[in-house]
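The first residue of the sequence shown is numbered 1, and numbering continues consecutively from there. Start at 1 and go down the list; that is how both ligands and their atoms are numbered. Atoms considered below: every heavy atom in the structure, side chains included; atoms not considered: hydrogens, waters and symmetry mates.
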Amino acid sequence: MRSFAYVKAADVEEAVRAVAADPGAKFLGGGTNLVDLMREGIERPDTVVDVTGLPFDTVDELPDGGLRIGALVRNSALAADRRVRTRYPMLSQALLSGASAQLRNMATVGGNLLQRTRCPYFYDAASACNKREPGSGCDALDGFNRSCAILGVSESCIATHPSDMCVALAALDAVVEVRGVDGVRRVPLTDFHRLPGDTPEIETTLAAGELVTAVELPPLPVAANSRYRKVRDRASYAFALVSVAAALEVRDGMVTQARLALGGVAPKPWRAREAERVLQGGPADEAAFRRAAEAELAGATGRQGNAFKAGLARATIVATLRELSTGEAR
Ligand code: SF4
């Protein structure tokens, strides 16, 4: 690892100013992804600005009945929060399905939002990777792409976003609060991450020096009947091949509310709005769940190693909705 300067930020203004003024500076939270990337030489900051002393480590009630989650809340603490487990169970389940207990004890909510892809070519300096080195090409296109995306991809990059937490946040209409030198902005989670297009190295809509300070969850009664289902190659400590975050309200056999997001299939947490549209107001039965899944995956573009994901995503959507409609998920 090459040498770098270390600054422990005393307050948020100092942290934001330090990173905005220096293109080579990075914020450091739990460090579970950044430090690995620095060891591999993928991230090479001149200065690391440690924000772990800032007062963003609580989960608080909002006046409207939602929750405000500080960006430095540890993943394990958020998963265990009684309010999250009862009001937004999909979020607790998503967090517990990610990484290991040790990593969840270190990883922060803000860092989870900003973690980088686990595409193997991104971590291999000998490979062509537009995300690591813009303009160099993409070895995943015709290489080992079993884990890669089938929705929202471009010819520049087909990497997936690795977070489980963000998939639940996308389904829950979460809003990200960010602080920059010009003040505070609020960004819907679904607009926070970018699709790759021609610039896969730009992964979020954050401006230079902006720091994630909180994530807010709106009050959402339907989320009490929600589920996060993750399909992966082994039972623990693996990234999703496909995941589904879903919430469903059924009255008299009809869907009155549906929230759905997918993980493991796209370069960003994928809100499944087409599936929601098909479900809304229709019967809560197997045929409707299949139609919704088909509609969402209609635009999938798989390659030789990952085409199986479309069928897997359809089956996982149907299974998750079936579970929610029968109350098995409670
Ligand atoms: Fe790099 Fe994206 Fe291609 Fe992977 S898929 S090699 S991250 S450009």
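- Among all non-hydrogen protein atoms, the one lying nearest atom 6 (S) of ligand 1 is Tyr121 CB, 3.4 Å.
- Of all the heavy atoms of Pro196, none lies under 4.0 Å from any atom of ligand 1, so neither backbone nor side chain is involved.
- A donor-acceptor distance shorter than 3.5 angstrom exists from the side chain of Arg194 to the backbone of Ile202, with no hydrogens or angles considered.
- The main-chain N or O of Gly137 is found under 3.5 Å from a side-chain atom of Asn130 such that the two form a donor-acceptor pair.
- Here Asp50 pairs with Lys8 in a salt bridge; the nearest charged N to carboxylate O distance falls below 4.0 Å.
- Among protein heavy atoms, the minimum distance from atom 2 (Fe) of ligand 1 is reached at Cys157 SG, 2.4 Å.
- Under a cut-off of 6.0 angstrom, the local environment of CZ in Phe308 is crowded, with over 12 non-hydrogen atoms contributed by other residues, nucleotides or ligands.
- The distance from atom CZ of Arg132 to atom CD of Glu43, rounded to the nearest 0.5 Å, is 12.0 Å.
- Of all atoms in ligand 1, numbered sequentially from 1 with element shown, those under 4.0 Å from a heavy atom of Lys131 are 7 (S), 8 (S).
- Atoms of ligand 1 lying under 4.0 Å from at least one heavy atom of Ile158, given by number and element, are 5 (S).
- Among protein heavy atoms, atom 1 (Fe) of ligand 1 sits closest to Cys129 SG, 2.3 Å.
- Salt-bridge formation is not detected for the pair Arg290/Glu294: no Lys NZ or Arg NE/NH1/NH2 atom is positioned less than 4.0 Å from an Asp or Glu carboxylate oxygen.
- Atom 4 (Fe) of ligand 1 has its closest protein heavy atom at Cys119 SG, 2.3 Å.
- The proximity of Cys138 to ligand 1, defined as any non-hydrogen pair under 4.0 Å, involves the side chain as well as the backbone.
- Distances shorter than 4.0 angstrom occur between a heavy atom of Ser156 and an atom of ligand 1.
- Classification of Glu274 and Arg277 as a salt-bridged pair holds, one side-chain N sitting under 4.0 Å from a carboxylate O.
- Metal site remark for atom 4 (Fe) of ligand 1: Cys148 contributes no N, O or S atom at a distance under 2.8 Å.
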